[in-house]
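Just below is one structure, and these are the notes that go with it.
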Amino acid sequence: MLSYILYMLFLIPLCFIKKGWYLIQNLLFFLSLMFLVKIDFFCWSGLSYIFGYDYLSYGLVMLSFWICILMILASYSVIRYKFYNKLFLFMILLLLLMLICTFCSLTMISFYFFFEGSLIPTLFLIFGWGYQPERLQAGFYLLFYTLFASLPLLLGIMYLYNNMNYLVYSLFYMNDYINIYLYFSMVLAFLVKMPMYLMHLWLPKAHVEAPVSGSMILAGVLLKLGGYGLLRVFEYLMTIGMIMNVFWLSISLIGGFLISLMCLRQVDMKSLIAYSSVAHMGLVVGGLMTLNMWGFYMAFVLMIAHGLCSSGLFCLANISYERLGSRSLLINKGLLNLMPSMSLWWFLFSSCNMAAPPSLNLLGEIGLLNSMIGWMWMVMFLLMLISFFSAAYTLYLYSYSQHGIYYSGIFSSVSGYCREYLLLMLHWLPLNLLILKSDFVLIWF
């Protein structure tokens, strides 16, 4: 584990050399390859001091590596306009370091430390490279929503340590706390981060104001921190979870339905994709709250799938934003005439977003439906509505942006670059090929 962290630390000085952009991108590809080869199925591996990873951490760290490399690939305008590109690389590396340390922490307190630390580089990405002046408000929303729920989490962790004298994950299975204060303090911070409906307001704001790299890392990895935390804390909150979880489950399912309706009237492409993230994460929260095996495994699958799919959609929205200078669906019309080959990618990612086979989203959603209906068949109606409307708003996004009478000013635009096709390919291939190895998801518990 230490080798990856040192590798990352030694990459930081390379940000500041003259032509470090592509060097860092390729070295990160190399690092992710090194990590990929070290896959290990037996319990905890890569142990060193307070770091180590089991299979759950492994998948999410791999996702973090991948998304961070693709962020550098997507943010070409930063280097083209020389817009503080060295600091930008530094921020991405710092964020990646924080994420690796978060997912690979063996103890709860070091997890908390890095969990909060990953907020700072994200904030700088939004403040420094965002587009509109409203990015300040969006950044403060992000900061205060997350920090508001994190103090109780810290107190909960201190209470646990006071009680047990250790905070190591692998020893938590011996305990079962029936304490409502502890339950709320532990669960709330992760639900805000997910984000659960009613606490989701910071997410669309942050997405709309963030640069493409900020949106990619937010949708791709930062939302998954919440799911990861919940999977870890439910080990010692099982009994009280069985009593209380119905509350969160019902909020997220009704919320998922309402958010899907909201998606149908968004005019801003990015905002539509951001709201669809909230709907998908609602399903993940629902699956986690049933506390059964299907829910736990498939929440992990849908987190990985949503990370790749949502990130790819943000890349697509950014590609047309760079050409047209607007994200409004009123101007982004008839793109089929401008970039026919890009329309294929729009189609592929839209179909993944509504969980069409053979994407990983399908596996995750079927498993989560299974877990929730097994828990109580009445939720079938809400799940039916969520599935239907998710198809509806995805089709709305696709057909509205690709068809129709094009805006005449767009003919001066350029078609797609090779870099962009590579970027989309690297999102789409893992998303659709990982389903061939779907037996791997059932072994991390």
Indicate every side-chain donor-acceptor pair of residues 88-99 with a distance under 3.5 Å to a residue at least two apart or in another chain.
none

Which donor-acceptor pairs under 3.5 Å do the side chains of residues 199-208 make with protein atoms, sequence neighbours left out?
{"residue": "His200", "atom": "ND1", "partner": "Leu198", "partner atom": "N", "Å": "3.2"}
{"residue": "Trp202", "atom": "NE1", "partner": "Val192", "partner atom": "O", "Å": "3.2"}
{"residue": "Trp202", "atom": "NE1", "partner": "Met199", "partner atom": "O", "Å": "3.3"}

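Not counting sequence neighbours, Arg135 has no partner by the salt bridge (Lys or Arg N to Asp or Glu O under 4.0 Å) test. A search for side-chain contact (heavy atoms from CB on, under 4.5 Å) contacts involving Leu123 returns Phe127, Leu142, Leu143, not counting sequence neighbours. For Asp268, the side-chain hydrogen bond (donor to acceptor under 3.5 Å, both in side chains) partners at least two apart in sequence or on another chain are Arg327. For Glu322, the side-chain hydrogen bond (donor to acceptor under 3.5 Å, both in side chains) partners two or more places apart in sequence, or in a different chain, are Asn318. Checked against side-chain contact (heavy atoms from CB on, under 4.5 Å), Pro357 has the following partners two or more places apart in sequence or in another chain: Leu362. Checked against salt bridge (Lys or Arg N to Asp or Glu O under 4.0 Å), Glu116 has no partners two or more places apart in sequence or in another chain. Ile120 is linked by a side-chain contact (heavy atoms from CB on, under 4.5 Å) to Phe124, counting only residues two or more places apart in sequence or in another chain. For Leu429, the side-chain contact (heavy atoms from CB on, under 4.5 Å) criterion is met by Met425, Leu433, not counting sequence neighbours. Every residue two or more places apart in sequence or in another chain that forms a ring-ring contact (aromatic ring centres under 6.0 Å, His included) with Phe440 is listed here: Phe41.
Side-chain atoms of His280 come within 3.5 Å of backbone atoms of Asn353 as a donor-acceptor pair (strictly under, hydrogens ignored). A donor-acceptor distance shorter than 3.5 angstrom exists from the side chain of Tyr7 to the backbone of Leu27, with no hydrogens or angles considered. Side-chain atoms of Ser310 do not come within 3.5 Å of backbone N or O of Gly307 as any donor-acceptor pair. Between the side chain of Asn370 and the main chain of Ile366, no donor-acceptor pair closer than 3.5 Å is present. For the pair Ser359 (side chain) and Ala355 (backbone), a donor-acceptor distance under 3.5 Å is absent. A side-chain donor-acceptor contact under 3.5 Å links Tyr58 to the backbone of Phe35. In terms of modelled atom types and a separation under 3.5 Å, the side chain of Ser390 and the main chain of Met354 share no donor-acceptor contact.
For Phe347, the CZ atom is loosely surrounded, since the number of other residues' heavy atoms within 6.0 Å does not exceed 12. Counting non-hydrogen atoms of other residues, nucleotides and ligands closer than 6.0 Å to OH of Tyr166 gives a total above 12. Taking a 6.0 Å sphere around CE of Met380, one finds it holds 12 or fewer heavy atoms contributed by other residues, nucleotides or ligands. When the shell of 6.0 Å around OH of Tyr181 is examined, it contains 12 or fewer heavy atoms from other residues, nucleotides or ligands.
For the residue pair Ser215 and Lys270, a side-chain donor N or O sits within less than 3.5 Å of a side-chain acceptor on the partner.
If you take CG on Leu335 and OH on Tyr398, they are separated by 10.5 Å, rounding to the nearest 0.5 Å. To the nearest 0.5 Å, the span separating CD1 on Ile304 from SG on Cys309 amounts to 13.5 Å. Between the CD1 atom of Ile5 and the CZ atom of Phe10 there is a distance of 12.5 Å, given to the nearest 0.5 Å. In this structure, the separation between CZ on Phe113 and CD1 on Ile157 is 12.5 Å, given to the nearest 0.5 Å. Atom CH2 of Trp248 is separated from atom CG of Leu230 by 10.0 Å, given to the nearest 0.5 angstrom.
Between Phe111 and Phe115, the ring center distance clears the sub-6.0 Å criterion. A distance below 6.0 Å separates the ring centres of Tyr131 and Tyr321.
Pairs engaging residues 214-234 under the salt bridge (Lys or Arg N to Asp or Glu O under 4.0 Å) rule: Asp54-Arg232 [sequence neighbours left out].
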So Met244 and Met289, side-chain contact (heavy atoms from CB on, under 4.5 Å) or not? Walk me through it. CA-CA 9 Å; Met244 299 293 299; Met289 294 302 171; over 6 Å; no

